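Here's the structure, in structure tokens; my notes come after.
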There are 2 protein chains.
Amino acid sequence: MKNISQRMSSHKAGELVKDPTTLVETYPKVPLTVDCVLFGFEENVLKVLLIRSDLQVFDGLWSLLGDNVLDNEELDDAANRILKERTGMDDIYLEQVRSFSHPARHPGGRVITVAYCSLINIQHHQLKILDHELHWHEVQSLTKMAFDHFEILTYCNQWLQKRIQEHPLGFNLLPVKFSMRELQNLYEAILNHQLDRRNFRKKFASMGLLIDVNEIEDNVPHRPGKLYKFNFEKYEKNKRNWIGIDF
Amino acid sequence: MKNISQRMSSHKAGELVKDPTTLVETYPKVPLTVDCVLFGFEENVLKVLLIRSDLQVFDGLWSLLGDNVLDNEELDDAANRILKERTGMDDIYLEQVRSFSHPARHPGGRVITVAYCSLINIQHHQLKILDHELHWHEVQSLTKMAFDHFEILTYCNQWLQKRIQEHPLGFNLLPVKFSMRELQNLYEAILNHQLDRRNFRKKFASMGLLIDVNEIEDNVPHRPGKLYKFNFEKYEKNKRNWIGIDF
DNA sequence: ACATTGTTGTGTATTTTATACACATTCGAA
DNA sequence: TTCGAATGTGTATAAAATACACAACAATGT
């Protein structure tokens with residue numbers, strides 16, 4: 001109750017607040033950051049883009065791409081700005097995942113962070129900015145990171161696993177034209193699980209969302225596979241919201 | 001880039017930061033609140049617990065149960081505290097949903113809020129605190145609310161619809177012992193969709209998670225139905241993480 | 001030219017799950 | 001006793017998931 005009465009102190013109980021600005025000025029303020037978990041896919045392995053931490057206490061440890069949120073900046077905008085600043089990339093799929101607020105998560109004091117996920121086609125976007133040893137790391141190889149970033153990464157990885165099964169996110173990690181094998185490798189890498197090749201193909205074929213571009217792979221040391229594009233227009237049109245209890 | 005160099009100003013580029021506290025002090029700070037979307041179920045209707053807004057600009061409009069986050073308070077703790085302060089309730093299922101950060105969402109200036117959802121059994125918890133005209137509203141009847149709370153409510157409602165199909169949340173809204181009809185009414189109310197009675201029962205029967213308590217309803221003006229309990233232990237043990245691409 | 005190797009592309013049988021649908025039973029109320 | 005209204009149950013059909021095998025193809029090496 002303490003806090004409610006504290007807020008009330010600026011006006012009598014039961015009376016309406018006429019000046020919201022004065023009210024907001026009484027609120028405690030916290031430093032707020034956004035951390036971007038940038039996933040990429042290369043050599044059939046799921047990767048994440050990291051930098052070397054600035055902080056001496058985290059000497060040698062890797063860190064997500066984060067920055068503080070600016071005055072009057074929306075969180076989505078902050079995430080996009082950080083992505084742009086760090087990688088030069090624009091117009092990338094980005095999604096808020098959740099906030100992390102443990103009081104001791106930052107050695108410099110209380111800092112709350114909001115995690116965003118982004119999926120990047122590594123081939124399509126050469127990294128132009130390499131500050132802080134920015135580069136890709138295999139997700140599976142990481143164990144310790146700066147701050148609570150390993151926890152955030154783990155959470156986002158699970159989020160991605162669930163998300164990719166219900167939404168066509170994966171195509172953001174592939175070239176525009178891809179083979180069935182590439183697609184399956186992507187799913188297997190993210191889900192960390194082997195899938196039956198024939199059933200996988202059947203599943204995607206039955207969805208009717210892949211466009212056969214009548215081309216085949218080259219530079220493969222074996223029989224080349226057909227290439228496909230994902231039909232985003234059709235997907236957007238037919239987006240279903242199904243009902244099916246399952247737990 | 002502006003912001004990175006701004007942060008850098010406290011130390012030379014390439015050098016490690018030795019004093020993280022000083023670093024954090026340079027971060028902009030924002031007022032942060034938690035808004036709780038408390039769902040309940042009564043008379044076969046999904047309801048949400050609201051208070052009358054304090055603010056004159058929102059004269060007459062209803063508002064979610066929110067409060068600012070205290071110094072060094074975790075968001076989860078803040079949400080639990082607010083729930084307790086407003087309703088007297090403790091030990092309630094609470095889950096973070098997402099943050100809302102539009103710069104103009106609060107008339108008093110920039111305030112970021114984190115939405116939490118909670119599901120409450122209305123019968124089991126009489127409201128002891130009725131400040132600010134706290135009471136239950138039919139979700140379907142709401143159109144305009146204070147702040148961006150209608151947007152938050154809508155988002156949380158959709159979140160709930162998805163969530164209830166994959167997790168046994170619904171049982172938090174029912175009495176410990178409930179009939180199949182009550183359970184189905186709950187799902188129909190939340191999903192806003194009619195379900196086939198026989199298939200619904202078959203589905204839950206096949207899950208094997210309902211315990212027949214060998215009792216029947218009373219005080220119903222028709223043939224009473226059998227009562228069941230949800231087997232939380234068995235659910236926790238067998239929690240599966242299935243793989244199935246579907247979009 | 002040919003055999004070898006590895007991957008592509010396809011089909012079918014089986015099981016499981018979802019959907020659609022109807023009727024007798026039970027209790028309360030009149 | 002009868003009526004009304006909801007309970008409890010089963011079956012047939014369609015759709016989806018799963019398990020599994022073999023021929024066709026292109027590249028490579030001989």
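Remember, predicted model here, so these are calculated numbers, not experimental data.
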Does B:Glu138 use its side chain to pair, donor to acceptor, with the backbone of B:Val45 at less than 3.5 Å? no
Hey, is the main chain of A:Glu151 close enough, under 3.5 Å, to the side chain of A:Asp148 for a donor-acceptor pair? no
With 3.5 Å as the limit, what N/O pairs link the protein to nucleotides 16-18 of chain D?
residue: D:dA17; atom: OP2; partner: A:Lys203; partner atom: NZ; Å: 3.2
residue: D:dT18; atom: O4; partner: A:Lys202; partner atom: NZ; Å: 3.0

Integer-rounded Å distance: C:dA22 P and B:Asp196 CG: 11 Å
Nearest whole angstrom, please: distance from the P of D:dT7 to the CZ of B:Phe178. 14 Å
Taking only Lys NZ, Arg NE, NH1 and NH2, and the carboxylate oxygens of Asp or Glu, determine whether A:Asp246 and B:Lys203 approach each other closer than 4.0 Å. yes
Atom-to-atom span, CZ of B:Phe204 to P of D:dG8 - whole angstrom: 15 Å
Can you check the A:Glu217 CD to C:dG9 P distance for me, whole Å? 8 Å
Rounded to the nearest angstrom, tell me the gap between atom CG in B:Asn219 and atom C1' in C:dC27. 13 Å
Rounded to the Å, how far apart are B:Lys226 NZ and C:dT25 P? 17 Å
Would you kindly give the CD-to-C1' distance between B:Gln184 and D:dA6, to the nearest whole Å? 12 Å
Regarding A:Arg98 and the six-membered ring of A:Tyr155, is the cationic atom NZ or CZ under 6.0 Å from the ring centre and inside 45° of its axis? yes
Determine, stepwise, if the pair A:Tyr116 / A:Asn80 fulfils side-chain hydrogen bond (donor to acceptor under 3.5 Å, both in side chains). CA-CA 9 Å; A:Tyr116 274 76; A:Asn80 278 299; over 6 Å; no
Under 3.5 Å, is there a donor-acceptor pair between the side chain of A:Glu166 and the main chain of B:Phe247? no
Under 3.5 Å donor-acceptor, A:Tyr187 side chain and A:Ile164 backbone: yes
Between the protein and nucleotides 22-29 of chain D, list every N/O to N/O distance that falls short of 3.5 Å.
residue: D:dA24; atom: N3; partner: A:Arg223; partner atom: NH1; Å: 2.9

How long is the gap from CZ on A:Arg81 to CG on A:Asp90, to the nearest 0.5 Å? 13.5 Å
Under 3.5 Å donor-acceptor, A:Tyr228 side chain and A:Met180 backbone: no
Show the numbers, then the answer: is there a side-chain contact (heavy atoms from CB on, under 4.5 Å) between B:Trp136 and B:Ile120? CA-CA 11 Å; B:Trp136 294 99; B:Ile120 292 172; 4.1 Å; yes
Rounding to 10 degrees, work out the angle separating the end axes of the helix from C:dA1-D:dT30 to C:dA30-D:dT1 (five pairs an end). 10°
Only residue of A:Tyr235, A:Tyr93, A:Phe230 satisfying ring-ring contact (aromatic ring centres under 6.0 Å, His included) with A:Phe171 is A:Phe230
Whole angstrom is fine here: how far is it from CZ in A:Arg201 over to P in D:dA19? 18 Å
